[in-house]
Amino acid sequence: MRDLGVGFGYLVKGQKWVARHGRWFGFGLLPGLVTLVLYAGALVGLGYGADDLVAWATPFADDWTSPWLDVLRGTLTALVFVFGLFLAVITFTAVTLLVGQPFYESLSEAVDRSEGGEVPESGLPLWRELWISARDSLRVLLRVAFYGILLFACGFIPVVGQTVVPAIGFCVSGFFLTEELTAVALQRRGVELKERLRLLRGRRTAVLGFGVPLTLAFLVPFVAVFLMPGAVAGATLMARDLRGETADDDRDEDRDGDFPKNGRNDGNLPPAGGDQGVHHLPH
């Protein structure tokens, strides 16, 4: 159970990191704002259309008398919306990370730099990184869809469907949410999806301690946008732990923005003229 606290600690540390490096916080908000607008429109549409969808899918109940017709369709409408919300929570991170790939890679590198030691860089062109990210995200979403359908079906089980199933759903969401976030740092290290999943399963309790609270927080409107920069920073710290990387003992964690004495800038936007790699944004 101690690992639950460790995972949650990385989530808190990530938020503190971006709070100390305010420019990175603003930098990391942009992709989330764009994605939020798209998802808000989709969820509003689902909210208005879920009852019509359920009515279309259950023509056999048209002749049922009240209250059974209302109970059936009301329950199914709620489940459809919850399922849509479940998918939104999972896919929001994947889509936001895809939209903000250059932003979040730069942020993740800044976190690595602040921790000391080498800063891994993929060395791949941006289009290649986007392709790998999209491909891996699709593989993860297929896994999520499988679990989502299974949990949706289990939702019809009396009592269990209203208690145990939602709890399992949040755990599944938290696990794969953490996978998407740690992928930013782990892909730069050349870690493939299969190996990333193995690393996460090896620290499953810590992963849930990081991902489940974040999943719950993401259910609150607009919170996901403001937590994303810190979530990427915290996931980078977790990725370092999963890989057994240690921080530089010479760094001063209490100084805002000072990196180790390696000739590099602080935790704000990278300096012009540095070795930034092809994926960095122009200044």
Mind checking the CG-CG spacing from L29 to L36? Nearest 0.5 Å is all I need.
11.0 Å

Let me know which of V12, L4, V6 forms a side chain to side chain contact (heavy atoms under 4.5 Å, CB included) with F8.
V12

Minimum-distance pair of heavy atoms, taken over all atoms of L177 and G211:
CD2-O, 4.0 Å

Distance col, row R189:CZ vs S108:OG, nearest 0.5 angstrom, shows 6.5 Å

To the nearest 0.5 Å, atom CG of L197 lies from atom CZ of R139 at 10.5 Å

Hydrophobic cluster membership, L53 vs V82, 4.5 Å side-chain cutoff:
no

Give the intermediate values and the outcome of side chain to side chain contact (heavy atoms under 4.5 Å, CB included) for residues Y104 and T96.
CA-CA 10 Å; Y104 294 133; T96 302; 3.5 Å; yes

Mind checking whether V34 and F226 sit in one hydrophobic cluster, side chains of I, L, V, M, F, W, Y counted as touching below 4.5 Å?
no

Taking all non-hydrogen atoms of both residues into account, name the closest pair between F27 and F103 and its distance.
O-CD2, 3.4 Å

May I ask you to test the T236-D112 pair for a side-chain heavy-atom distance under 4.5 Å?
yes

Got more than 12 heavy atoms from elsewhere within 6.0 Å of OH, Y39?
yes

Measure from the side-chain N and O atoms of S114 to the backbone N and O of V111, and report whether any donor-acceptor pair falls under 3.5 Å.
yes

Does L76 share a hydrophobic cluster with L150, counting links as ILVMFWY side-chain heavy atoms below 4.5 Å and allowing steps through other members?
no

Under the side chain to side chain contact (heavy atoms under 4.5 Å, CB included) rule, what do D241 and R203 come out as? Steps first, then yes or no, please.
CA-CA 10 Å; D241 185 8; R203 296 288 301 279; 3.4 Å; yes

Would you kindly say whether T58 and R73 are connected by a side-chain donor-acceptor distance under 3.5 Å?
yes

Does the pair L200 and T178 meet the rule for a side chain to side chain contact (heavy atoms under 4.5 Å, CB included), with working shown?
CA-CA 8 Å; L200 293 173; T178 304; 4.2 Å; yes

If two hydrophobic side chains count as joined below 4.5 Å and joins carry through other members, does I157 share a cluster with I168?
yes

Measure the CG-CG distance between L181 and L97 for me, rounded to the nearest 0.5 Å.
5.5 Å

On a heavy-atom basis, the closest approach of L208 and P213 is O-CD, 3.4 Å

Shortest non-hydrogen separation from V71 to T75 and the atoms involved
O-OG1, 2.7 Å

Would you say CZ of F175 has more than 12 non-hydrogen atoms from neighbouring residues, nucleotides or ligands within 6.0 angstrom?
yes

Heavy-atom side-chain contact between L46 and V80 under 4.5 Å
yes

Are any of the side-chain heavy atoms of R243 and L199 separated by less than 4.5 Å?
yes

Shortest non-hydrogen contact from A231 to L214?
CB-CD2, 3.8 Å

On a heavy-atom basis, the closest approach of T77 and A50 is CG2-CB, 3.8 Å

Report yes if the side chains of R198 and E192 come closer than 4.5 Å at any heavy-atom pair, otherwise no.
no

At what distance, to the nearest 0.5 angstrom, does CD of E179 lie from CZ of R196?
4.5 Å

Drop me the distance from W17's CH2 to K13's NZ, to the nearest 0.5 angstrom.
15.0 Å

For residues P31 and M228, determine if any side-chain heavy atom of one lies less than 4.5 Å from a side-chain heavy atom of the other.
no

Cluster overlap L69 with V54, hydrophobic side-chain contacts below 4.5 Å
yes

With side chain to side chain contact (heavy atoms under 4.5 Å, CB included) as the test, would you mind laying out the steps for F60 and L72 before giving the verdict?
CA-CA 11 Å; F60 58 86; L72 173 68; 4.1 Å; yes

Quick check on Y48: does its OH atom have over 12 non-hydrogen neighbours (other residues, nucleotides or ligands) under 6.0 Å away?
no

